Protein chains: 2
Amino acid sequence: MDFEKENSAGYLVNHMARLFAKELQHRIAPLGIVVGQFPILLELWLKDGVTQKDLLGKIDVEQATLANTLNRMERDGLIRRTKSPTDARAQLIWLTEKASGLRDSAYEAALNVNADALQVLSEPERAQFMRYMRLVISGMRSD
Amino acid sequence: MDFEKENSAGYLVNHMARLFAKELQHRIAPLGIVVGQFPILLELWLKDGVTQKDLLGKIDVEQATLANTLNRMERDGLIRRTKSPTDARAQLIWLTEKASGLRDSAYEAALNVNADALQVLSEPERAQFMRYMRLVISGMRSD
DNA sequence: TACACTTGAATAGCTAGCTATGCAATATTA
DNA sequence: TAATATTGCATAGCTAGCTATTCAAGTGTA
């Protein structure tokens, strides 16, 4: 039997993900944020004052991962938390001024990473590529 | 400005990579190995008795990451190390019997993950998808 | 109402990745 | 050959992800 990693989808996917992460990391570092915080910020920029559970429903990550990342974000002055008025177990998560102000630069950084990474593909190829990824993801999630 | 994560290549790539890793993890756990060890084992199954530096040249990971993973592999009885006869700083890395014996089952597990993940795509689509990933990777590496 | 069940979140403990730094052995060069 | 530079590897310390477990607060029910 043979196994050539360049012909292994999993190997390529992993490698590509690390390159994307490294590139995004590099571009958002000046903003004082890190990659794991990105999806959370994306949600909070749309709507804050939500509970951890609300966030969890929108972000594809385990609850423990989210809780840890939120702790680091609080430590770093990106969010603050207030008691939920309706449930003593829950807290509402709010962006700080600092974090709110980063939105446009962060969007831009991420859009640039994506554009640069996909620049080797033509426009229709890019669309195909995105479509393939969405298909693979939804196939894998439904197992 | 708008940012929809389902339209972000980086977001999809990251998500897909975690699904692949989780699936592979799940299938190789019975063999007593974990995902980070996989690329190293692939190389060692081809040829062992090599130095860390040799391995580093073939695996796309930082030196420190490799060193840590090798330590865990030694702890887990997958490799052993002998002094290099030519360089007192280096060691030669050898597979144990246990690790050698895992090769075929591990190949099979990985091939199955890939096949299952890509089953939502037709054969020509799969080929395109792989081609796109290789293009994106080589584009990103050459920056 | 008391007790059991469920749920929101935190914590422990692990792998895998990274950067930065240290250190001893080898190579190079003045 | 002595001083310097380079190299092979290890270590420290961080983020990001995971599973498993715990715990307190809410919910439902006998």
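Values in this document were obtained by computation on a predicted structure and should not be read as measured data.
- Computed from coordinates, the A:E62 CD to C:dT7 C1' distance equals 16 Å when rounded to whole Å.
- Relative ring orientation between A:F38 and A:W45 is described as perpendicular, the plane-to-plane angle rising above 60° on a 0-90° scale split at 30° and 60°.
- Nucleic acid contact for A:S84: none, since no nucleic acid atom lies under 4.0 Å from a heavy atom of the residue.
- Using modelled atom types and a 3.5 Å distance limit, the side chains of B:N14 and B:R18 yield a donor-acceptor pair.
- The side chain of B:Q91 approaches D:dC9 more closely than any other nucleotide in the set D:dC9, D:dA25, D:dG17.
- Judged by closest nucleotide on DNA chain D, B:L92 is the one of B:L92 and A:Q37 placed further toward the 5' end.
- Regarding A:L66, its CG atom lies at a distance of 14 Å from the C1' atom of C:dT11, rounded to whole Å.
- One distance of note links OG of A:S105 with CZ of A:R27; it measures 13.5 Å at 0.5 Å rounding.
- Distances shown here put a side-chain N or O of A:R75 below 4.0 Å from the OP1 or OP2 atom of D:dT15.
- Going from atom CG of A:N71 over to atom P of C:dA9 covers 12 Å, rounded to whole Å.
- Atom-to-atom, CG of B:N68 to P of D:dA10 comes out at 9 Å; the value is rounded to the nearest Å.
- Residue A:T65 places at least one side-chain N or O under 4.0 Å from the OP1 or OP2 atom of D:dC18.
- Put simply, CG on B:L41 is 15 Å from C1' on C:dT15, counting in whole angstrom units.
- Nearest-nucleotide mapping onto DNA chain D: of A:D76 and A:V61, the residue sitting toward the 5' end is A:D76.
- For A:V34, the listed nucleotide lying nearest its side chain is D:dA16; candidates were C:dA20, D:dC9, D:dA16.
- Using a 4.5 Å heavy-atom threshold, the side chains of B:H26 and B:K22 count as separate.
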Subject >> Worked check of salt bridge (Lys or Arg N to Asp or Glu O under 4.0 Å) between A:R141 and A:D60 >> reply: CA-CA 10 Å; A:R141 287 183 69 179; A:D60 234 294; 3.3 Å; yes
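- The interatomic distance linking B:R18 (CZ) with C:dA16 (C1') rounds to 14 Å, in whole Å.
- The side chain of B:R81 places an N or O atom within less than 4.0 Å of a non-bridging phosphate oxygen (OP1 or OP2) of D:dA10.
- Between the P atom of C:dG17 and the CG atom of B:L56 lies a distance of 13 Å, rounded to the nearest Å.
- Here B:A21 lies out of heavy-atom contact (under 4.0 Å) with every strand.
- Nearest-nucleotide positions on DNA chain C place A:D87 closer to the 5' end than the other of A:D87 and A:K22.
- Taking only side-chain atoms of A:K53, from C-beta outward, the nucleotide of C:dG8, C:dT26, D:dA10 with the closest atom is C:dG8.
- Contact annotation: side chain of A:Q63 to base of C:dA10, donor-acceptor pair present below 3.5 Å.
- For A:R89 and D:dC23, the shortest distance from a side-chain N or O to OP1 or OP2 is not below 4.0 Å.
- Nearer to the 5' terminus of DNA chain C, by closest-nucleotide assignment, is the contact made by A:L70 (compared with the other of B:V35 and A:L70).
- Rounded to whole Å, atom P of C:dC14 lies 12 Å from atom CZ of B:R72.
- Contact check for A:Q128 versus B:Q128: no side-chain heavy atoms found under the 4.5 Å cut-off.
- Checking D:dA10, D:dG17, D:dT11 against every side-chain atom of B:Q52, the shortest atom distance belongs to D:dA10.
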